[in-house]
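This structure is a prediction, so every number in the text was calculated from the model and none was measured. Order of listing sets the numbers, starting from 1, for every ligand and every atom in it.
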Amino acid sequence: MATKRNYVGGEWVEATAGETYDTANPADPSETVGTYQRSDRDDAAAAVEAAAAARDDWANTPGPERGAVLRRTAQHLEENQEELTELLTREEGKTTAEAGGEVGRAIDIFYYYAEKARELGGSVKAASSPNTNLYAIRVPVGVAALITPWNYPIAIPAWKIAPALAAGCPIVHNPATVAPGVAVGIYEALDEAGVPDGVANIVTGPGSTVGDEIIGHEATDAVSFTGSGGVGEMIYEQAATEGKRVQTELGGKNPTVVSSSADVEEAAEIVAAGAFGVTGQACTACSRAIVHTDVHDDFLEAVVAEAEAIEVGPGDEFDMGPQVTESELESTLEYIEVATNEGATLETGGESLEGGHYGDGYFVEPTVFSGVENDYRIAQEEVFGPVLSVIEVADYEEALATANDVDFGLSASIVTNDHTEAERFVNEVESGVAKINAKTTGLELHVPFGGFKGSSSETWREQGDAGLDFYTIEKTIYDFY
Ligand code: NAD
């Protein structure tokens with residue numbers, strides 16, 4: 001694959017210092033997947049300045065015209081769907097089915113906001129004086145800095161880029177260094193779609209310098225960050241102190257409650273899909289099954305069987321791919337050791353997988369612990385790997401208290417045949433997404449997405465109409481005639 005360059009001011013450019021770096025295939029780390037620019041602060045600043053120069057023209061471009069750019073971008077992505085899917089699998093490790101689903105989602109997001117760009121309006125109000133038009137319109141917030149993680153490397157960029165551009169904001173994007181290829185693919189599509197120079201910019205390289213410069217630049221008006229809590233909290237403080245509009249969407253410790261009335265087999269399928277899908281590397285992954293004592297033993301047996309039926313391996317013939325990097329794999333193995341030392345019982349899994357079709361890839365077994373207390377680290381901290389903790393509870397009240405007794409609040413679900421209990425749960429659980437009889441992962445693109453507590457800055461939501469709110473400011477207009 002050719003070395004990929006930054007896209008700045010409508011040109012494909014190299015980092016000024018001339019440095020590059022390679023990415024590796026997590027299923028076979030000896031394979032180089034891509035070569036990208038190792039940019040520095042100067043490159044990042046140049047991109048913000050290019051965006052600032054394009055700001056007024058893009059803001060004044062009619063919404064339907066901005067939407068047409070997004071529609072053509074979606075079409076170009078669609079033409080390259082297969083290639084992007086393969087790149088996502090090779091660079092991030094998702095199975096082909098998971099990667100295909102994610103690329104399809106990114107395409108749909110561009111089509112969705114292409115239409116939304118036509119609808120950007122405002123509201124008309126009754127004035128207190130005669131001969132007066134009183135209304136509020138939405139204007140773009142300005143230059144938006146976008147910082148994205150590696151775990152959904154095309155869908156998350158899409159759900160920031162598309163609403164920002166639809167709203168009339170120029171963007172500067174620093175994707176995670178680990179898997180930037182499919183994000184660069186979006187800018188190739190934007191370029192082919194004729195996005196005006198400077199409106200869309202991507203600069204690859206370390207977040208600690210490139211991302212930091214984009215966020216801190218005086219011409220940056222808004223910051224949209226998705227990633228880990230530690231980095232997100234620092235960025236929130238920095239951006240808010242500088243008076244910038246900021247949203248941070250962070251990690252999770254998502255529970256599924258299994259009620260005494262649940263169908264145990266169904267519950268085990270739901271929990272396993274939430275815990276082991278995308279190798280547990282989802283912010284909404286289920287990492288705690290909170291199970292009523294009446295069904296605990298049967299559920300445990302069923303969920304262990306689900307975990308053991310998962311075939312681990314690379315590409316399109318297996319159910320679960322590798323972890324993204326060696327350090328992510330090591331972190332998961334460390335948590336497995338911590339849980340064992342804390343007194344949890346390892347029911348299945350727990351080991352990394354090597355040799356044969358695993359080669360030197362970063363594979364790990366789907367892992368289930370029982371006997372977990374909610375104050376164990378394994379039940380409180382985000383693991384970001386395929387590790388499930390089963391916690392036994394006596395009744396609904398204890399299940400709810402346990403579900404809520406974490407610093408996070410991103411997604412939660414309950415498996416139950418008791419309608420009252422289901423309704424109580426979705427109202428009482430402290431979580432941005434709450435589901436009945438469904439896995440914690442997965443959300444449609446036209447509904448608001450964001451967390452409670454440590455999972456989010458709780459400022460603005462992403463996706464749907466809420467996605468446009470972040471990138472626009474309301475302006476009230478009096479017209480006396
Ligand atoms: P991370 O916090 O390590 O990195 C996220 C991004 O921040 C990367 O692009 C990185 O380069 C950049 N960055 C790092 N340091 C920076 C700095 N000092 N200044 C500016 N940018 C900086 O997270 P990750 O490992 O890439 O992603 C996994 C995390 O993301 C998990 O915690 C997961 O739960 C979370 N996540 C949340 C959501 C959500 O919508 N809530 C979705 C997906 C992932």
Side-chain angles (χ1 to χ4, degrees), residues 21 23 36 38-39 41 44 48 91-92 94 102 105 145-160 172-180 183 202-217 220 223-239 244 246-254 278-287 323-325 327-329 331-332 381-385 406-411 431-433 440-443 445 447-463 466-467 470:
Y21 73 96
T23 58
Y36 302 93
R38 188 185 295 283
S39 315
R41 287 184 182 275
V48 178
E91 198 158 56
E92 195 267 348
K94 282 195 172 76
E102 189 185 336
R105 166 57 64 98
L146 312 181
I147 312 287
T148 54
W150 51 263
N151 72 320
Y152 282 96
I154 190 163
I156 294 176
W159 82 51
K160 295 184 192 295
V172 186
H173 181 188
N174 176 223
T177 47
V178 170
I202 186 168
V203 185
T204 56
S208 55
T209 49
V210 175
D212 185 66
E213 181 67 30
I214 291 170
I215 292 164
H217 196 290
T220 296
V223 178
S224 180
F225 170 90
T226 301
S228 63
V231 178
E233 280 160 27
M234 197 179 67
I235 285 173
Y236 182 83
E237 208 177 310
Q238 180 193 347
K244 291 170 182 167
V246 54
Q247 65 179 176
T248 57
E249 293 304 329
L250 312 169
K253 193 68 199 171
N254 311 294
V278 295
T279 320
Q281 299 178 130
C283 51
T284 51
C286 172
S287 56
Q323 295 233 238
V324 71
T325 56
S327 66
E328 289 293 329
L329 171 64
S331 163
T332 299
E381 297 173 20
E382 187 182 47
V383 176
F384 230 54
V406 285
D407 291 336
F408 298 101
L410 190 54
S411 183
S431 184
V433 179
T440 52
T441 47
L443 202 74
L445 60 91
V447 293
F449 179 43
F452 286 12
K453 304 195 286 191
S455 292
S456 167
S457 55
E458 299 180 342
T459 44
W460 278 267
R461 290 319 199 202
E462 298 199 276
Q463 303 204 134
F470 178 74

Partners of R38 by side chain to side chain contact (heavy atoms under 4.5 Å, CB included), sequence neighbours excluded? E19, Y21, P206
Salt bridge or not between D212 and R41? Use side-chain N to carboxylate O under 4.0 Å. yes
Does Q323 reach the main-chain N or O of F384 with its side chain, forming a donor-acceptor pair under 3.5 Å? yes
If we ignore hydrogens and angles and just use 3.5 Å, is the side chain of K94 paired with the main-chain N or O of N151 as donor and acceptor? yes
For Q247 and S457, which I'm curious about, is there any donor-acceptor pair between the side chains at under 3.5 Å? no
Under the ring-ring contact (aromatic ring centres under 6.0 Å, His included) criterion, do W159 and F470 qualify, and how do the steps go? CA-CA 12 Å; W159 82 51; F470 178 74; over 10 Å; no
Heavy-atom cut-off of under 4.0 Å around ligand 1: list whichever protein residues fall inside it, by chain and number. I147, T148, P149, W150, N151, I156, N174, P175, A176, G207, S208, G211, D212, I215, F225, T226, G227, S228, V231, M234, I235, E249, L250, G251, C283, E382, F384, L410, F449
